[in-house]
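For reference, the structure discussed in these notes is given below.
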Amino acid sequence: MDMYSGVRDNPSDAARQQERHYYLLSELQTLVKDLPSSFQQRLSYTTLSDLAQALIDGTVYEIVQGLLDIQHLTEKNLYNQRQKLHSEHRALKQDLVRKHKQALQTCKSHNLAVLKTNQRAEAEALDQRVKEEQRMMDEKVVAEMDQKVLDQQNTLEKAGVPGFYITTNPQEVMMQMNLLELVLKLQQKETVSGSLP
């Protein structure tokens with residue numbers, strides 16, 4: 001069953017949908033002018049028309065908003081995990097400094113050189129551990145954000161939004177980000193003007 005089957009029965013619905021399509025297409029053509037020219041050239045009339053068609057009933061706006069909410073929660077969670085790790089590292093370093101000061105105060109002078117060598121080795125080992133744990137956390141953040149991008153691409157592709165498919169090509173991902181920006185700007189404009197369906 002095609003999306004116009006119910007529209008054929010009611011010509012005024014067809015006219016309203018056509019009018020909405022023209023409105024959305026016109027708005028998208030205006031918004032595209034704010035994008036870098038390299039992306040403007042890649043957005044054909046057909047792509048914009050197909051995007052306007054996908055936006056007619058407002059479902060894509062809801063999907064995009066849901067994806068953004070999930071992305072923001074993921075970013076906040078990852079940020080909090082990274083901050084927690086940073087706090088743990090700071091506490092470990094402070095504990096080590098405190099332990100080293102206490103050891104220096106009770107150390108006999110003939111053992112001082114050995115103690116300082118051992119403390120330097122302990123501090124270097126902790127620094128190495130901190131660097132490794134931070135590197136692993138950063139890799140985790142990147143992997144989770146990359147997975148979010150793939151999830152978003154998959155969801156938008158399944159929803160029939162033109163220009164969306166699973167890719168890791170940086171130029172294609174940037175193009176999809178620009179398409180999302182267009183959708184978000186149009187949604188914001190329609191929300192402000194009260195013209196959302």
Practice problem: Would you sort out whether Q128 and E124 count as a side-chain hydrogen bond (donor to acceptor under 3.5 Å, both in side chains), showing the intermediate values? | Solution: CA-CA 6 Å; Q128 192 58 40; E124 287 171 7; over 6 Å; no
Heavy-atom side-chain proximity of [X] to [Y] below 4.5 angstrom:
| X | Y | result |
| --- | --- | --- |
| S49 | Q53 | no |
| Q81 | K140 | yes |
| T167 | Q176 | yes |
| Q171 | M175 | no |

Quiz item: Do the charged groups of K148 and E144 touch, with an N to O distance under 4.0 Å?
Solution: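 Salt bridge: no.
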Quiz item: So, E132 and R135, do they make that salt bridge, N to O below 4.0 Å?
Solution: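 Yes, charged N to carboxylate O under 4.0 Å.
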Practice problem: Evaluate side-chain contact (heavy atoms from CB on, under 4.5 Å) for L182 paired with E27, printing each intermediate quantity in order. | Solution: CA-CA 9 Å; L182 291 176; E27 292 296 321; over 6 Å; no
Other residues, nucleotides, ligands: >12 heavy atoms within 6.0 Å of [X] [atom1]:
| X | atom1 | result |
| --- | --- | --- |
| Q134 | CD | yes |
| E122 | CD | yes |
| M145 | CE | yes |
| E19 | CD | no |

Quiz prompt | Chi angles and distances behind the side-chain contact (heavy atoms from CB on, under 4.5 Å) call for R90, Q94 | solution = CA-CA 6 Å; R90 190 170 44 243; Q94 288 171 349; 3.8 Å; yes
If you round to the nearest 0.5 Å, how far is [atom2] of [Y] from [atom1] of [X]?
| X | Y | atom1 | atom2 | value |
| --- | --- | --- | --- | --- |
| E62 | Q187 | CD | CD | 9.0 Å |
| L150 | E157 | CG | CD | 11.5 Å |
| D138 | L78 | CG | CG | 10.5 Å |
| D95 | H100 | CG | NE2 | 11.0 Å |
| Q40 | N178 | CD | CG | 10.0 Å |
| K158 | N154 | NZ | CG | 4.0 Å |

Determine the minimum heavy-atom distance between [X] and [Y], stating which atoms define it.
| X | Y | answer |
| --- | --- | --- |
| R20 | L55 | NH2-O, 3.8 Å |
| A52 | L24 | O-CD1, 3.4 Å |
| A54 | P162 | CB-CD, 4.0 Å |

Applying the 4.5 Å side-chain criterion to the ILVMFWY set and letting contacts propagate, would [X] and [Y] be lumped into a single cluster?
| X | Y | value |
| --- | --- | --- |
| V114 | L104 | no |
| V149 | V141 | no |
| F164 | I70 | no |
| Y23 | L28 | yes |
| V161 | L68 | yes |

Self-check item: Residue list, side chain to side chain donor-acceptor pair (under 3.5 Å) with E172, at least two apart or on another chain
Solution: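 Residues passing side chain to side chain donor-acceptor pair (under 3.5 Å) with E172: R42, Y165.
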Quiz item: When Ile, Leu, Val, Met, Phe, Trp and Tyr are grouped by side-chain heavy atoms lying under 4.5 Å apart, directly or through other members, which residues fall in the same group as L126?
Solution: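 Listed partners: L92, L96, V130.
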Quiz prompt | From V173, T168, L67, residue fulfilling side-chain contact (heavy atoms from CB on, under 4.5 Å) relative to Q153 | solution =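 The option that passes is V173.
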Practice problem: Using the side-chain contact (heavy atoms from CB on, under 4.5 Å) rule, pick out the option among L184, V32, L35, L43 that qualifies with L179. | Solution: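 Exactly one option meets the side-chain contact (heavy atoms from CB on, under 4.5 Å) with L179, and it is L43.
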Exercise. Return yes if a side-chain donor-acceptor contact under 3.5 Å exists between Y61 and Q65, otherwise no.
Key: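 No donor-acceptor contact under 3.5 Å links the two side chains.
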Quiz prompt | Donor on one side chain, acceptor on other, Q147 and D151, under 3.5 Å | solution =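 Yes, D151 and Q147 have a side-chain donor paired with an acceptor closer than 3.5 Å.
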Quiz item: Hey, mind stepping through L51 and V183 against side-chain contact (heavy atoms from CB on, under 4.5 Å) and telling me if it holds?
Solution: CA-CA 9 Å; L51 182 57; V183 170; 4.0 Å; yes
Self-check item: Candidate pair R82 and H86, rule side-chain hydrogen bond (donor to acceptor under 3.5 Å, both in side chains), full reasoning
Solution: CA-CA 6 Å; R82 199 168 190 287; H86 183 67; over 6 Å; no
Exercise. Show the numbers, then the answer: is there a side-chain contact (heavy atoms from CB on, under 4.5 Å) between D34 and E181?
Key: CA-CA 10 Å; D34 295 335; E181 184 180 331; over 6 Å; no
